[in-house]
Number of protein chains: 2
Amino acid sequence: MAAGLTERRQLILKLVVQEFVETAMPVASDALVRKYRLGVSSATVRNELAALEDLGYLTHLYTSAGRVPTDAGYRFFVENLMERTSLSLPEQRMIRHQFYQVRGELDQWVQLAGAVLARTAQNASLVTPPRSSDPLRFRHLELVAIHESMALAVLVFHGGIVKQQTLTLDADRSPDDLRRVAGRVSDLLTDLTLNGVEELLNTDAQQPQPSFGDFERLLADLVVRAMHAFEEQVQEQIYSDGLIEMLSQPEFIPALAREDAERAVQRMRHALEILKSGRGLGQLIPQALASDGVQVIIGGENSTNEMREYSIVLARYGVDRAVAGVLGIIGPTRMAYPRSISTVRYISSLMSDLLTELYSTEQRPPEEDNA
Amino acid sequence: MAAGLTERRQLILKLVVQEFVETAMPVASDALVRKYRLGVSSATVRNELAALEDLGYLTHLYTSAGRVPTDAGYRFFVENLMERTSLSLPEQRMIRHQFYQVRGELDQWVQLAGAVLARTAQNASLVTPPRSSDPLRFRHLELVAIHESMALAVLVFHGGIVKQQTLTLDADRSPDDLRRVAGRVSDLLTDLTLNGVEELLNTDAQQPQPSFGDFERLLADLVVRAMHAFEEQVQEQIYSDGLIEMLSQPEFIPALAREDAERAVQRMRHALEILKSGRGLGQLIPQALASDGVQVIIGGENSTNEMREYSIVLARYGVDRAVAGVLGIIGPTRMAYPRSISTVRYISSLMSDLLTELYSTEQRPPEEDNA
DNA sequence: TATTAGCACTCTCAAGGCAAGAGTGCTAAG
DNA sequence: CTTAGCACTCTTGCCTTGAGAGTGCTAATA
């Protein structure tokens with residue numbers, strides 16, 4: 001099948017990757033022979049290792065220190081060598097059960113997915129909330145008095161998105177009054193996008209007899225503000241979990257990583273900032289949103305230098321064209337790719353199912369013509 | 001005033017604390033004399049240092065390595081020596097401005113408070129959401145169809161708490177139908193606590209002619225579930241931010257902390273777990289909720305061994321008897337207490353003001369923004 | 001031609017030793 | 001009570017050294 005590698009070299013590359021992923025220590029020719037009962041001597045394996053190194057799949061840190069896979073080595077492993085497994089059935093069941101327990105609570109899904117990903121793959125996780133590719137569309141507004149001069153506005157949008165805003169009332173208003181005004185504004189704005197609402201408000205203001213009274217206009221402005229805020233905020237929203245899991249990897253533990261402890265700490269801080277700020281993964285998210293299946297980005301393959309030591313396993317989840325998000329694992333390049341990939345695949349399909357159940361038959365709003 | 005310490009010893013203790021907090025290095029007699037132009041020789045200062053050590057306010061790591069404050073030393077400093085400052089006016093203004101920008105968005109306050117605390121005090125922050133001391137009280141229920149067989153229930157409780165739940169509909173229902181049922185359930189349950197709702201449901205079930213139809217009962221059960229979930233969850237909810245800020249303290253940077261890098265890493269991981277799990281600060285939160293003013297817990301003074309190397313500065317915020325939460329700073333015992341305390345004091349009073357505006361039933365004059 | 005045994009070579013890693021430096025504690029004098 | 005002076009202690013960094021690990025190479029072998 002693949003790029004002119006003899007069977008044996010492929011086998012050895014595979015073993016090196018597996019061994020290194022497992023132990024986090026450079027793997028020696030001798031160790032391979034002993035552990036896997038290859039029918040050959042260590043010298044032969046050494047020759048093969050040297051060849052694999054020439055081909056760019058392995059490296060040395062120094063003259064005499066076992067081999068370590070390069071990014072290309074991992075890539076070849078992922079593409080051609082690894083066995084495609086799935087999570088075990090008990091694991092799947094356990095995860096499904098956890099999602100079952102928060103059924104209905106849409107806003108918990110993202111968080112749960114992050115936690116499960118992290119724990120299952122023993123690395124950090126990234127999840128973006130499901131988002132519609134269509135612009136946000138207003139549905140419904142509800143006013144609840146908190147006291148005489150204050151009310152809570154609950155704004156409901158298509159797709160089950162809910163925002164709350166408090167507002168100061170210009171005058172004392174009865175609950176009935178509030179309900180009537182809210183109903184009126186809801187009716188006027190229902191199914192409109194942000195553009196639609198703004199347009200409506202503009203044209204209405206020019207009418208000799210505006211349909212929006214003062215208070216209604218105040219509410220509409222609130223809606224506009226909230227929609228603006230949402231559009232801005234949602235771009236960047238990346239939920240992340242599993243920092244501790246990732247930092248339990250040997251890379252971050254100086255005693256295990258045979259090297260300067262200083263390094264480990266810097267790496268730790270570095271990882272922290274990547275997760276906190278989402279820096280270095282800017283293009284990856286939209287890219288993953290546009291593709292199908294599980295994406296694997298290994299080390300410096302794609303993104304900036306920042307990420308040179310990390311790999312990312314990402315997948316899209318959601319309902320075609322309606323709502324979608326991205327979820328995945330991030331960790332050191334020395335990652336258990338088969339497990340990460342099957343975890344991401346399983347969770348993403350699970351989330352997709354959940355969302356499909358929710359959105360599949362949704363009545364779509366009447367078509368509206370605006371840019 | 002305080003425990004038989006001469007003026008000079010107090011001065012020296014104060015200087016040692018300040019110096020150590022600033023530099024994170026053990027402070028030497030010589031350095032003190034030079035830097036602060038004490039009119040005496042280093043030998044004199046050494047005698048005083050020795051005395052302060054005998055009294056338990058300072059220690060040595062080893063024979064010849066400057067002094068470091070003990071927990072008792074910090075305590076004395078906080079109680080008697082430090083100057084009570086406030087945040088500078090420009091800082092206050094900047095912070096107020098940030099809160100102004102999220103006015104109305106109740107659910108952002110906690111997050112913002114956490115971020116501001118952390119950035120201002122350069123340590124990690126803890127914030128619990130404002131919570132009523134009264135049990136949760138239902139107010140209002142709203143149903144919005146998502147598609148034929150699915151609806152979103154928006155549950156509004158007293159105090160502006162909103163939960164959302166999706167539910168599967170037993171039959172196709174018109175929007176009007178949904179509104180009517182929601183209104184009916186709202187009316188029946190309004191102002192009830194969890195106990196109240198459960199009781200009502202129980203007695204109603206025994207009536208020959210129950211007021212709750214099948215669908216209404218389903219909704220009521222949903223309410224019960226949500227209230228249960230809230231009561232359980234809210235206990236533990238601690239929002240935390242500023243991990244990076246805290247980990248930028250020299251304690252966590254092996255190059256600066258003159259000691260085993262191993263230590264620094266372990267400490268880092270340890271801090272991480274404390275923040276993630278809230279372990280080790282169990283009793284502190286309720287305790288702070290019950291007290292007034294800013295609490296300072298230094299090192300092992302109070303909690304478990306876990307926290308021996310950390311200090312916490314906590315304050316309650318909220319409206320008397322109505323809603324309250326706790327916010328504060330956590331960091332190494334070598335902490336800039338004056339700044340932490342004034343930060344916590346300021347943010348807590350700011351949050352209190354915001355909440356008061358929201359919950360007090362007195363009509364307040366419209367706020368003037370003089371930015 | 002592919003494999004293998006043997007061996008020299010390289011580099012790391014841990015331990016030990018050594019010198020410099022920092023800062024104290026103590027003593028004795030002012 | 002203060003201070004100068006000095007010995008003493010402990011750290012820290014640097015260097016050296018020896019052991020060990022694992023390779024790369026060479027030459028013999030099937």
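Here the structure is a predicted model, which means the values were calculated and not measured. Chain letters run A, B, ... following the sequence lines, proteins first, then strands; residues in each count from 1.
- As judged by a 4.0 angstrom heavy-atom cut-off over every strand, B:Ser42 is placed among residues making no nucleic acid contact.
- Not counting sequence neighbours, the partners of B:Tyr36 by the side chain to side chain donor-acceptor pair (under 3.5 Å) test are B:Glu19.
- For A:Ser29 and D:dG22, the shortest distance from a side-chain N or O to OP1 or OP2 is not below 4.0 Å.
- For the side chain to side chain donor-acceptor pair (under 3.5 Å) test, residues two or more places apart in sequence or in another chain that qualify with B:Arg46 are B:Ser29, B:Ser42.
- Partners of A:Ser340 according to the side chain to side chain donor-acceptor pair (under 3.5 Å) rule, which considers only residues two or more places apart in sequence or in another chain, do not exist here.
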Please list, pair by pair, any protein nitrogen or oxygen found under 3.5 Å from a nitrogen or oxygen in nucleotides 19-21 of chain D.
| from | atom 1 | to | atom 2 | distance (Å) |
| --- | --- | --- | --- | --- |
| D:dA21 | N3 | A:Ser64 | OG | 2.9 |

**Nucleic acid footprint by protein, nucleotides 25-30 of chain C - heavy-atom cut-off 4.0 Å, B for base, S for sugar-phosphate alone** = B-----

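- Pairs engaging residues 238-247 of chain A under the salt bridge (Lys or Arg N to Asp or Glu O under 4.0 Å) rule: A:Asp241-B:Lys276 [sequence neighbours left out].
- Rounded to an integer number of Å, the gap from B:Leu61 CG to D:dC10 C1' is 11 Å.
- When the side chain to side chain contact (heavy atoms under 4.5 Å, CB included) test is applied to A:Ser86, the partners found at least two apart in sequence or on another chain are A:Gln92, A:Arg345.
- Here D:dG22 presents its P atom at 16 Å from CG of A:Leu58, a figure rounded to the nearest Å.
- Pairs of residues two or more places apart, or lying in two chains, that qualify as salt bridge (Lys or Arg N to Asp or Glu O under 4.0 Å) and include a residue from residues 329-344 of chain B are B:Glu91-B:Arg339, B:Glu251-B:Arg334.
- Listed by chain and residue number, A:Ser311 satisfy the side chain to side chain donor-acceptor pair (under 3.5 Å) test with A:Tyr337 (two or more places apart in sequence, or in another chain).
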